[in-house]
Amino acid sequence: MTGVNKIQDLQVDDWVLRYRTPKGDGPHPILLLLHGWTGDENTMWVFESHLPEDALLIAPRALHPASQGGYSWRIFEPGQPPPTIENYRPAADSLLALITSLPSTLNGNVEHLRLVGFSQGAALAYTLSILYPQRIQACASVAGFVPRGAGEIMTPNHLEGIPIYISHGVNDEIVPIERARQAVQLLGDAGAEITYCEADVGHKLSLDCTRGLDIFFRSQTLK
């Protein structure tokens with residue numbers, strides 16, 4: 001892409017990530033790319049052309065190997081009930097610690113984050129937004145779900161003013177469309193500014209919702 005640096009790799013303790021720094025002086029606004037179950041630090045770069053050129057893009061690899069290959073943001077156990085927000089809290093806390101400790105050479109604004117997550121990564125993005133709303137500037141969910149128990153944490157103004165983009169396919173065979181519609185209601189009741197895109201696709205991002213994602217991030221003033 002014109003005016004930006006190439007994608008580079010970095011390891012910090014147990015974390016492996018890929019990042020892209022913009023040109024110019026920082027601190028740069030940070031946009032985290034959170035992959036889904038069995039994904040890794042390479043998965044989310046398909047969205048790169050639809051994200052702001054002046055953001056520091058960071059795609060971390062989740063810490064838990066998945067039995068099917070790739071990685072997971074939470075530990076799976078046989079017979080485990082549907083995940084709650086507490087199941088994602090360890091990943092959220094570890095990821096925030098990682099971002100806060102990033103090398104100064106990346107020159108990112110670690111206090112204000114933007115998030116885009118796919119499927120399980122969207123669940124983590126929601127978890128970060130709900131547990132640490134003061135750190136989140138915007139959040140985008142693609143084929144995701146709000147972890148159970150989140151409503152017990154939020155107050156009517158809990159997410160006041162936070163823009164949230166929700167994209168989902170009506171034919172999603174992995175995360176039912178009802179989970180997205182529930183998220184619209186739940187997060188909107190908590191004060192979030194919801195942009196919703198529903199399309200006739202499965203567990204993926206449709207062309208129309210891709211355009212919506214582009215507009216969502218590019219319409220914001222980065223800082």
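Just so it is clear, the model here is predicted, and its values are computed rather than measured. Position 1 is the first residue of the sequence; numbering continues from there.
- For the atom pair CG of D172 and CD1 of I177, the computed distance is 7.5 Å after rounding to the nearest 0.5 Å.
- Grouping the Ile, Leu, Val, Met, Phe, Trp and Tyr side chains by contacts below 4.5 angstrom, directly or via other members, places Y71 apart from L33.
- Scanning all heavy atoms of the two residues, the minimum distance from K204 to F118 falls at CA-CE1, 4.2 Å.
- L205 and C209 get closest at one heavy-atom pair: CD1-CB, 3.6 Å.
- Under the 4.5 Å side-chain criterion, counting only non-hydrogen atoms from C-beta, L113 is not in contact with Y132.
- The two atoms that bring A122 and G144 nearest to each other are CB-CA, 3.6 Å, heavy atoms only.
- When side chains are defined from C-beta on, L34 counts as touching L95, because their heavy atoms get closer than 4.5 Å.
- Hydrophobic clustering (side-chain heavy atoms under 4.5 Å, transitive across Ile, Leu, Val, Met, Phe, Trp, Tyr) groups L213 together with L57.
- To the nearest 0.5 Å, the span separating CZ on R148 from CD1 on I85 amounts to 13.0 Å.
- In summary, the aromatic rings of H168 and F145 are positioned with their centroids too far apart to meet the 6.0 Å limit.
- Between the side chain of T43 and the main chain of D40, a donor-acceptor pair closer than 3.5 Å is present.
- Hydrophobic cluster membership is shared by Y88 and L96, with clusters built from Ile, Leu, Val, Met, Phe, Trp and Tyr side chains linked at under 4.5 angstrom.
- No side-chain donor-acceptor contact under 3.5 Å links H28 to the backbone of T21.
- Remark: D214 does not engage R211 in a salt bridge, criterion side-chain N to carboxylate O under 4.0 Å.
- For the pair R179 (side chain) and V146 (backbone), a donor-acceptor distance under 3.5 Å is present.
- Within 6.0 Å of CD in Q134 there are more than 12 heavy atoms belonging to other residues, nucleotides or ligands.
- A single hydrophobic cluster is not seen to contain both W45 and W37; linkage of ILVMFWY side chains at heavy-atom distances under 4.5 Å, directly or through other members, places them apart.
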Pairs of donor and acceptor atoms involving the side chains of residues 154-162, under 3.5 Å and at least two apart or interchain, shall be tabulated with distances.
unit_1, atom_1, unit_2, atom_2, d
T155, OG1, H158, N, 3.3
H158, NE2, I130, O, 2.6

Could you walk me through whether L187 and I166 pass the side-chain contact (heavy atoms from CB on, under 4.5 Å) check? CA-CA 10 Å; L187 302 175; I166 300 175; 4.3 Å; yes
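- Cluster membership for I7 and V116, using ILVMFWY side-chain heavy atoms within less than 4.5 angstrom, is shared.
- Atom CG of L124 and atom CG of L128 lie 4.5 Å apart (nearest 0.5 Å).
- Stacking of R74 on the aromatic ring of F76 is recorded, both the 6.0 Å distance cut-off and the 45° axial limit being met.
- Taking 4.5 Å as the limit, every side-chain heavy atom of V184 sits out of range of all side-chain heavy atoms of E198.
- With Y126 contributing its side chain and C139 its backbone, the two residues share no donor-acceptor pair below 3.5 Å.
- N87 places a side-chain N or O within 3.5 Å of a backbone atom of T84 that can act as its donor or acceptor partner.
- A 4.5 Å side-chain heavy-atom check between K6 and R20 finds every atom pair outside the cut-off.
- Within the model, atoms NE2 of H112 and CD1 of I30 stand 11.0 Å from one another, a figure rounded to the nearest 0.5 Å.
- Side-chain contact of S119 with H203: a donor-acceptor pair under 3.5 Å is present, judged by distance alone.
- Between the side chain of R18 and the main chain of P60, no donor-acceptor pair closer than 3.5 Å is present.
- Side-chain atoms of T127 and W73, non-hydrogen and from C-beta on, never get closer than 4.5 Å to each other.
- Atom CG of D9 is surrounded by more than 12 heavy atoms from other residues, nucleotides or ligands within 6.0 Å.
- Taken from CG in L63 to OG in S94, the straight-line distance is 6.0 Å, to the nearest 0.5 Å.
- Minimum heavy-atom separation, A125 to L115: O-CD1, 3.5 Å.
- Between the side chain of Q11 and the backbone N or O of D13 there is at least one donor-acceptor pair closer than 3.5 Å.
- For the pair R61 (side chain) and G70 (backbone), a donor-acceptor distance under 3.5 Å is absent.
- Closest approach of R218 and S49 over heavy atoms only: NH2-O, 2.8 Å.
- Here the straight-line distance linking atom CD1 of I99 with atom CG of L17 works out to 7.0 Å at 0.5 Å rounding.
- Among all heavy-atom pairs drawn from A55 and L31, the shortest one is CB-CB, 4.3 Å.
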